[in-house]
**Q** 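Quick one: this structure, given as structure tokens, is what I'll be asking you about.
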Amino acid sequence: AQSVAQPEDQVNVAEGNPLTVKCTYSVSGNPYLFWYVQYPNRGLQFLLKYITGDNLVKGSYGFEAEFNKSQTSFHLKKPSALVSDSALYFCAVRDRAGNMLTFGGGTRLMVKP
Amino acid sequence: DTAVSQTPKYLVTQMGNDKSIKCEQNLGHDTMYWYKQDSKKFLKIMFSYNNKELIINETVPNRFSPKSPDKAHLNLHINSLELGDSAVYFCASSRHRLAGVSHEQFFGPGTRLTVL
């Protein structure tokens with residue numbers, strides 16, 4: 001069975017500092033990996049995905065994520081955080097044969113001015 | 001312009017009632033999903049339909065019955081509502097999975113269901 005772990009319930013960072021939100025996964029074979037963001041009282045919005053190719057994936061709003069196969073990780077990063085980045089972030093994985101997307105438990109990102 | 005829409009946005013009802021949540025997508029996608037997000041924000045897939053055919057049915061009580069009249073709509077009907085059904089329900093859609101390709105899912109705004 002596939003699974004996703006987001007080890008931090010909350011990440012606090014000062015505006016202008018770099019941020020990292022961690023994600024590790026478990027899946028049979030090569031994964032498809034995704035990051036989504038959820039603002040309060042809203043649905044999830046797609047940020048970026050890793051399918052194949054370059055391990056560094058760039059997405060919306062200046063976010064990027066690095067796929068590390070040996071560490072089975074897909075950490076989300078941004079060089080300079082904004083207060084408006086404060087939200088709930090979800091990592092998700094899908095195996096290449098199946099249809100089901102499995103989400104991590106979410107990490108709340110708090111960016112303080 | 002709304003890509004994935006759900007109605008109602010809020011639903012407050014008594015235990016034992018039957019209720020439905022509607023979902024529509026105007027993206028031309030083939031696949032639609034229902035997710036449940038609990039009070040701890042944990043998100044879990046419930047159902048998935050591709051071109052009106054059920055392809056994912058997780059361990060959901062049979063009080064929950066999805067209905068897909070066409071590939072743009074996936075409604076969720078819940079019978080005999082229980083307190084534990086209180087959650088936010090999200091509809092989503094995506095292009096159909098093709099071999100070697102994966103498409104991101106687009107989510108609706110959610111329906112907050114409160115069972116009293």
Side-chain angles (χ1 to χ4, degrees), chain A residues 1-6 8-11 21 23 25 27 29-53 57 59-60 63 65 67 74 87-110, chain B residues 2-7 9-10 21 23-25 27 29-51 53-60 87-112:
Chain A
Q2 57 197 43
S3 64
V4 177
Q6 292 181 242
E8 303 150 317
D9 288 339
Q10 183 162 314
V11 170
V21 182
C23 170
Y25 67 90
V27 71
N30 293 318
Y32 294 134
L33 293 157
F34 303 82
W35 275 101
Y36 287 82
V37 60
Q38 185 179 24
Y39 296 100
N41 300 313
R42 303 284 295 275
L44 276 71
Q45 295 178 30
F46 169 75
L47 273 181
L48 51 81
K49 65 183 176 184
Y50 170 80
I51 303 301
T52 188
V57 178
S60 307
F63 283 94
F67 170 60
F74 189 56
L88 189 58
Y89 289 81
F90 289 94
C91 181
V93 68
R94 210 202 84 196
D95 69 55
R96 301 203 170 219
N99 292 291
M100 196 168 78
L101 198 59
T102 298
F103 285 86
T107 298
R108 189 168 300 282
L109 174 65
M110 298 288 288
Chain B
T2 305
V4 182
S5 59
Q6 296 178 227
T7 54
K9 188 169 183 179
Y10 299 96
I21 306 172
C23 177
E24 176 181 2
Q25 54 93 5
L27 298 167
H29 289 162
D30 299 303
T31 307
M32 296 184 72
Y33 312 80
W34 276 109
Y35 288 88
K36 179 180 180 181
Q37 187 175 44
D38 63 22
S39 58
K40 295 184 178 179
K41 305 298 184 185
F42 187 71
L43 197 67
K44 187 170 172 58
I45 182 78
M46 299 173 70
F47 301 102
S48 177
Y49 269 72
N50 181 62
N51 277 326
E53 180 183 347
L54 182 67
I55 55 173
I56 293 175
N57 183 353
E58 287 298 290
T59 51
V60 176
V88 182
Y89 292 84
F90 287 101
C91 177
S93 72
S94 71
R95 291 173 61 186
H96 181 50
R97 175 185 68 84
L98 300 172
V101 179
S102 180
H103 296 286
E104 59 270 25
Q105 296 179 16
F106 292 79
F107 283 76
T111 296
R112 184 175 294 277

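Proteins come first, then strands; the chains are lettered A, B, ... in the order of their sequence lines, and each starts at number 1.
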**Q** Are the side chains of A:Phe103 and B:Tyr35 in contact, using a 4.5 Å heavy-atom criterion?
**A** yes

**Q** Between A:Leu44 and chain B, which part of the residue has a heavy atom less than 4.5 Å away: side chain, backbone, both or neither?
**A** both

**Q** Considering only heavy atoms, which portion of A:Gln38 lies under 4.5 Å from any heavy atom of chain B: side chain, backbone, both, or neither?
**A** side chain

**Q** Taking the side chain as everything from C-beta on, heavy atoms only, tell me whether B:Gln105 gets closer than 4.5 Å to A:Tyr36.
**A** yes

**Q** side-chain contact (heavy atoms from CB on, under 4.5 Å) with B:Lys44: which residues, sequence neighbours excluded?
**A** B:Phe42, B:Glu58

**Q** Tell me, please, which residues at least two apart from B:Tyr33 pass ring pair (Phe, Tyr, Trp, His ring centres under 6.0 Å).
**A** none

**Q** What's the separation between atom NZ in B:Lys41 and atom CZ in A:Arg108, rounded to the nearest 0.5 Å?
**A** 6.5 Å

**Q** Under a 4.5 Å heavy-atom cut-off, does chain A meet the side chain of B:Ile45, its backbone, both or neither?
**A** side chain

**Q** In the structure I gave you, are the side-chain heavy atoms of B:Glu104 and A:Phe34 within less than 4.5 Å of one another anywhere?
**A** yes

**Q** Checking B:Phe106 against chain A: side chain, backbone, both or neither under 4.5 Å from a heavy atom?
**A** neither

